[in-house]
Structure formats: structure tokens, C-alpha cells
Amino acid sequence: MRGGAIIRLDDVARVEDGFEERRTFATYNGEEVILLGVRKQRGANEVAMAQGVLEKLDQLRRDAPPGVAIEVIDNQADFVLASMRGAQGDVAIAIALCSVIMLFFLRTFRATFVTVVAIPVCLLGSFIFLKSRGITVNNLTMMGISLAVGLVVDSTTVVLENIHRHMEEGMRPRLAASQGTSEVAFSVLAGAATTIAVFAPVAFMGGIIGRFFYNFGITVVATIALSLLLSLTLTPFLCSRILRRDHPGPVARVIERFLEALETLYRKILTKAVAHRWITFVLALALFAGGLVLVQKVGTGFFPSEDRGDFTVSFELPAGTSLAEVERFLSEVDGKVRARDDVRYTYATVGSGRGGEVNKGSLVVKLVPRSERSHVDDIMREMRTELSVFRDAKINLATWGGADLTLTLVGDDIMTLAEFAAPIIAELEQDGRLTDIDTDIRFNKPRLNIRINRERTDDLGISIRDLSQEIQAYFGGVKSGVFKEGGYRYDIRLMAEGALRSSAADVENVAVRNASDQLVRVPGLVSVESDLSVNVVKRYDRRRALRIEANATGIPMGEGMDLVMATARKYLPDDGSVTIMPTGRAKHMRENFGYLFVALATAIVLVYMVMAIQFESFLHPFTVMFSLPLLTPGAFGILFLTGMNLDLMSFMGIILLVGIVVNNAILLVDFINQRREAGEDKVRAVLAAGPLRLRPILMTALSTIMGSLPVALGLSEGSEFRQPLSTAVVGGLLTSTLLTLFVIPVIYLILDDLKERTALLIRFARSRLFRRRSRPAHVLSEEGGEKR
């Protein structure tokens, strides 16, 4: 009451039971909807989570009132399941191709059955082991399984081929199984041990890549270990019970003649290679150098880009744009996108980002099935051109992984960072090799700077805090209480009418009470200035930061990062007050490439140590290690020809080749040693062991290639992720197998010659030293001159 009259709230204010100010909205195919996103917890299974959500949705649909429809518009588990189906198809094709290879070389269904039966047994054992370890069937485990299909038959093939050869020479099945297995047991054990020695460190690498490839490494190690066990137990048993002496048909005889002709041709070329050892060695070095040159031609990247059938169009309008204007803009963009034949549907959100800014939004574009359209990168390239007509908006397109390049400028003042960023971005845009170049800092947020006249407020007894709260309540509103009804809580917000707080001049309408309880108006107490401020304040390592993002659509990611860094160095100060550093995917790429280099060096050292123990020699493992440089022309050459990058997946393929390519060299060196122990001359041993081991070498190499070929061709959905690894394996095996057949025997002879000459020199030096020590003193004095 005042003056005896009751003043009600209705007399001085408008009370409304309404909604909060609208700051966001969502659409589906242009119609406004409510979007609800469900994310899995860390460590949860995405497919199981999605299945549980779908089951709950069925119940919610039954309970929903008429006119309300609940639809699933985006389920990431669908791509996971499709990728798994594609991986299973790749495994089935790999098994079929390996079976054909075995049938071609062995020429009997009995021998082929003995070989192929090891594949399902090993894979079943691997799945049981993975289940016991709590490892799920995912993209990495299936990639390990598909790669292991070709590796599984390696040990079995070597054992079976040797048993089969003894039986063709007239030996009884049981004796052939026993003797044939014992002859190659060392080679099989050495080959499996070197492969395991490479894959084991992969499972325990550091960083993100280590956690990523843990399942992959464990899967391959378990499968290879099982294949080794089966090749030395189950395979000889089946051979002794199933194999019989061949009675080849006409097709088998034709194949046999072809293989014999191939062995004859190989023997002739090998004889010439041995006769001209140093020429062969120089040619091998030239091929290795060519492989190193190709490394410089192959681009670098982080992970292969996958075609998941969707991409996101992110847009930003000028600050201060009303929600209605953003809605009109989104309707135009959405209509233009959905007009394309390769677009299935779209959904969009506005104002749902971290800052809740109504001038920003994103449009998710879902595409038709992959068989009915071009690659998502091509569609995005066309879409950029079509959307370039919207010049008032900043539009970026990206797949699920976000921007390819993220680099951060770090300094002490955000204005200084923006000044340095401007010419860098301008030059990158003029260069044209990068697209969607943007920063996360905008100086476009309207702001009122209110400066208080301290002397006047002190004279009038006005509290600075009270004045600030009055201005805050007038323009921004304050929560003044809570209203409860029917078990619900409603916030009570107090603010001025919209028409009374629409301009900077409306600050003068604010009044505040002083210490004498007198009402004092703001004019004269404050001065108001309008300007633009930064939209967000970000820090990196406790310093002000500005992020530069871009997509490398026409060049490799590594080249794009080098381009940004080189451009930035032109404009950054030399005193180090402003620095630029890779962040995001670019940072992870650098870190994880370091882990991969360590894994590669570790793999090479472990392979040598394992072979040194098994051969009981330091020389023969060194001979085998010469097969590693022979993989470079094929591995890097095929990446260059197919336009793939040297990313984490293809680099992993290079590491895996370290353990695979040495197996053929181990077979050759082991049989050469066996022939020499039997009394043959080293040259005769080399010329005999090569053709004798030609078939198992070709069989194991081709089986591994065929096991990797379905993935390398990228025929299934989701195969883009696995493709570079298998492609590198196929290319590396092709050249290393071909060159190993000629180079390793030559290297064996060269190193053995050097060993013999070194031994002769040592014996000669020792004999000279012994003679000098055994001569009488007067003889030594006569040789040295007069004795003093």
C-alpha cells in the first residue's frame, strides 16, 4: 500500500503465463519438428544401444497421442551393421579366392580341402578367443579377420606342399606326413614367429592409434598362433588320412606342365642372376631407390575418408540476424539441396550449438544408396558450387569427421591474433587448394559499453552493485522466483517490456534508489557506447587462441597442413609472441605417425632378433632382412597409382608387410642351409633350393594377396576405411615376392662370399702375427736393424 491505496502488480506490469524466448528450432524435410538425439556412453556398444532405443520407440509409438508420429531419421548403427556385412562378404570372397589358388597349385580336391579346412577352424578359434577377452566384432576385428584369411593358409600350405611333394615321389602317406612336416617345421615356426613379432607391438602402441588398433593386433596374433598350431598338428594328420598319390586329369596335367615350365624359366633366370650377382644387387638397389622416390610422391593423411552416405552443411549468418530470417534462409537452402536426385532427405537444427547462437545452424543431408549415386566427395564439391549463390552466409560442408585441418594461433591478445589471421586466410583463399577456410572468432557481436560516473554515483549515494543489477534486470531479465503447480515448477522472470529495451537510448529509462531511498534516473550517471565484440573467448594452454579450419578436398591432408604452416610463417612475428600449432586431427596425425614410426622400428628389430634366435646366426637373418626394401616399390607404387594417401591405415599395412614378406625369404634361406648341410656346394644349393621352393612361395604369397584383394578393391560399404591397408599389402607382396625369388639367393651368396673372405683375412692376419711372435730375438733384431 502507498498513501492508503493498494497497488497491484497488474497496475504496473503485464503478467503472462507464456514460454521462454524462442532461440532454436529444427526441421525435417522442411517441416518443423522436435529432434531428440541419443548418444552412447563411453565404452558402450553402439549397435546394442541403438537396438535398445528402437525397442523403446516401439512402446512410445503405442502410447503417443493421435497426430504425433515418432520416426528415426538417423541411426549411425545402420552404417556399422552395413560395414560389418560388407566385411563378412569380403571374408567369404577371400576364402573362395584362396580355395581357387590352392586348387590351382595342388590340382586335387583332397589337398585343397586339407588346406581350406584350416581357415574356418582358425577363424572360429579366433572368435572364441576374442569373446573370452571381451572384444566385440567391430570394424577393426573384421579387418584383422579378413587379412588373416590369407595368412592362415601360409603355414598350412608350406607343410601340405612339402608332404604332397614327398608322396608324389613315392613315399607312403604317414611317412610323408612325418618327414615332410619335420623338414619345414623350422620355416613355418620362424615365419609365424616373425609375423607375430610384428603384430604384437601393434596391439600395444601408445596414443589414440594404440587404443584403436588393439583389437586388430590381438585378432591377427590369435589367428596366426592358431594357424601355426594347426599346421603342425591337424594338417599332417589330415594329410596322412586323406591324401593319396595323384592321378591327374587333363586339366591337372595342363596346369602341371605350366608350373613345370614356370620352374624351368625361373631356374634359367636365377642361374643368370647368380652368375651376375653384383648387377642383380645394383638393380635391386635401384628399385629400392625408386620406391623411396615414390614415397615423396604419395600424399599424407590421417584416416581415410569414408562414404557414410551423408554430410553436413554448416551455415552462419551475420550476427544479429533474427530467428525468422534464419528460418527463411534455411528454407531456401533446404529446398535447393532436396531438389537433387541423389538426396534422400534432410534435417536441420538452428541455435543448438555450444553458444546457442541463433544465427548459426546445420543441415544434415542424407543421400540415396551408394549404388545409385557418385561418391560423397564429388557430391559435396558440386554442392559447394550450387550454394555459393548465398553470399551473405558463411557455408561449410564436411563429413562426419569434421574439418580436415585445424590449426590454432596462440598469443596474448585476441585482436592481435585476428590481425595476423586475416592475411593468412586471404592468401589461402587466393591459393585455392583448400576449401571451407574459416575461423572460430567473429568480431560481429553487438555490445553496449556502459561506463559509470563514479564521482556522481558516490555523491548521490548510489550503490554500483544496485545500479548494475537494475540494468541487468531491465534488459536481460532476472529470475525472481519459482511458481509451483501440479507438481511442476515454473520460473518467474522479471524484465522490461520489449518495446522499452530495443535501443541503446533505452538505458536512460532505468532508475535506481540511492541510500536515502530516493529514485534517481540513469541519465548523467552512465555513458553508453555501441560497438562490436568478439563472439567467443577461447584459450589454448592458458593463452588466447584463434582457430583456423579448412578442408583439403583437392590435395592430401599433409600437404594442406604444410601449406597453412608455410603461409602462416610469412606473417607471424619472429619474437614468438604469436605462434601457430596443429590441433585437432592435424595434431593427432603428427602424434600417431610418431607412434607408427616407433612401431615400424620395433617390428624390424623384433623380426631380426626372432630370426637370429631361430637361425642361431647373425648373418642369415641379415640376408632375410634384405627382403624388406623390396616391398617399397610395390607398396608405395600402388598407393601412388591409386591416388591413396600414406595415412595411418596404409602405414599400418607397411608395418604388417615387415612380418609377411620375410616368410618367403626364410623358406629360401632355410632350404639352402639344408642342402648345404647335406653336402652340396653353396651355388648348387641355391640353384636347387629356389625352384624347389617356388611353388610354396607363390602359393603363400598369392593366398595372402587374394585374402586382401576383396578389401583392396573396396567393393563393400565401409571398405574405404580398410582399403588403404589391404592395398599396401597387395602392392608390397607383389614386388617383394617377385624380387625375393632372385635377390635373396644373390644376397645369400654375396654375404657368404664376404664371410669367407673375411675369415681368410682373419686367418692370414693371425698366422702372420703368430710367425712374428714365434721367431728368435736375434732374427727380429736383424730384420729391424742393429740391436742397441
Side-chain angles (χ1 to χ4, degrees), residues 95-119 150 153-181 183-184 187-188 231 235-236 238-273 663-664 667-668 670-672 674-675 684-707 709 733-734 737-738 740-742 745:
I95 293 175
L97 292 175
C98 287
S99 302
V100 172
I101 292 295
M102 296 301 106
L103 182 61
F104 177 82
F105 279 94
L106 301 175
R107 304 178 306 284
T108 67
F109 286 100
R110 289 175 178 267
T112 303
F113 171 78
V114 173
T115 306
V116 177
V117 75
I119 298 177
V153 297
D154 282 3
S155 302
T156 300
T157 298
V158 174
V159 173
L160 184 140
E161 192 278 337
N162 206 43
I163 295 173
H164 187 263
R165 180 174 58 85
H166 281 299
M167 291 181 63
E168 286 185 336
E169 294 173 354
M171 194 174 292
R172 297 177 64 84
R174 289 194 178 185
L175 182 59
S178 175
Q179 185 171 336
T181 304
E183 285 180 355
V184 296
S187 300
V188 170
S231 66
T235 300
L238 292 177
C239 288
S240 64
R241 296 296 188 272
I242 296 177
L243 291 189
R244 299 291 183 270
R245 289 199 62 181
D246 290 343
H247 300 287
V251 176
R253 288 195 295 270
V254 172
I255 295 175
E256 178 62 23
R257 285 196 294 269
F258 169 77
L259 294 176
E260 290 176 353
L262 188 64
E263 290 176 355
T264 302
L265 177 62
Y266 170 58
R267 185 179 291 106
K268 291 180 180 178
I269 299 176
L270 179 61
T271 303
K272 293 183 178 180
N663 294 344
N664 295 331
L667 276 176
L668 280 174
D670 182 44
F671 262 69
I672 293 172
Q674 289 184 24
R675 306 286 294 199
R684 290 178 177 271
V686 164
L687 295 178
L692 190 64
R693 292 291 86 195
L694 177 63
R695 294 192 188 188
I697 287 175
L698 293 178
M699 289 169 67
T700 55
L702 289 176
S703 63
T704 305
I705 290 173
M706 290 302 170
L709 191 60
L733 270 176
L734 283 174
T737 302
L738 179 63
T740 293
L741 291 170
F742 302 101

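This one's a predicted model, so the numbers in the text were calculated from it and none came from an experiment. All values below come from the heavy atoms of this structure, side chains included, with hydrogens, waters and symmetry mates left out.
- The CZ atom of Arg110 sits 12.0 Å away from the OG1 atom of Thr112 when rounded to the nearest 0.5 Å.
- Between the Gln674 side chain and the Glu183 main chain, a donor and an acceptor come within less than 3.5 Å of each other.
- If you take CZ on Phe113 and CD1 on Ile242, they are separated by 5.0 Å, rounding to the nearest 0.5 Å.
- At least one side-chain heavy atom of Leu709 sits under 4.5 Å from a side-chain heavy atom of Met706.
- Looking at heavy atoms from C-beta onward, Leu259 lies in side-chain contact with Phe104 at the 4.5 angstrom threshold.
- Without hydrogens or angle criteria, Arg693 side chain to Leu668 main chain gives no donor-acceptor distance under 3.5 Å.
- No more than 12 heavy-atom neighbours from other residues, nucleotides or ligands sit within 6.0 angstrom of CZ on Arg684.
- Residue Leu741 holds its CG atom at 10.0 Å from CD1 of Ile269, rounded to the nearest 0.5 Å.
- The side chain to side chain contact (heavy atoms under 4.5 Å, CB included) with Val114 is formed by just one residue from the set Thr235, Val159, Ile163; it is Thr235.
- Expressed to the nearest 0.5 Å, how far CG of Leu733 lies from OG1 of Thr737 amounts to 5.0 Å.
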CA sep, side-chain torsions, deciding dist, call: Glu256, Arg695, salt bridge (charged side-chain N to carboxylate O under 4.0 Å, His left out):
CA-CA 11 Å; Glu256 178 62 23; Arg695 294 192 188 188; 2.9 Å; yes
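- Formation of a donor-acceptor pair under 3.5 Å by the Ser178 side chain with backbone atoms of Arg174 is not found in this model.
- Phe742 pairs by the ring pair (Phe, Tyr, Trp, His ring centres under 6.0 Å) definition with Tyr266, not counting sequence neighbours.
- Distance check: Ser703 OG to Leu698 CG gives 10.5 Å after rounding to the nearest 0.5 Å.
- You'll find the side chain of Ile705 stays beyond 4.5 Å of the side chain of Ile101, heavy atoms only.
- Taking the side chain as every heavy atom from C-beta outward, Met102 and Leu160 never approach each other to under 4.5 Å.
- Once rounded to the nearest 0.5 Å, the distance linking CZ of Arg267 with CG of Leu262 reads 11.0 Å.
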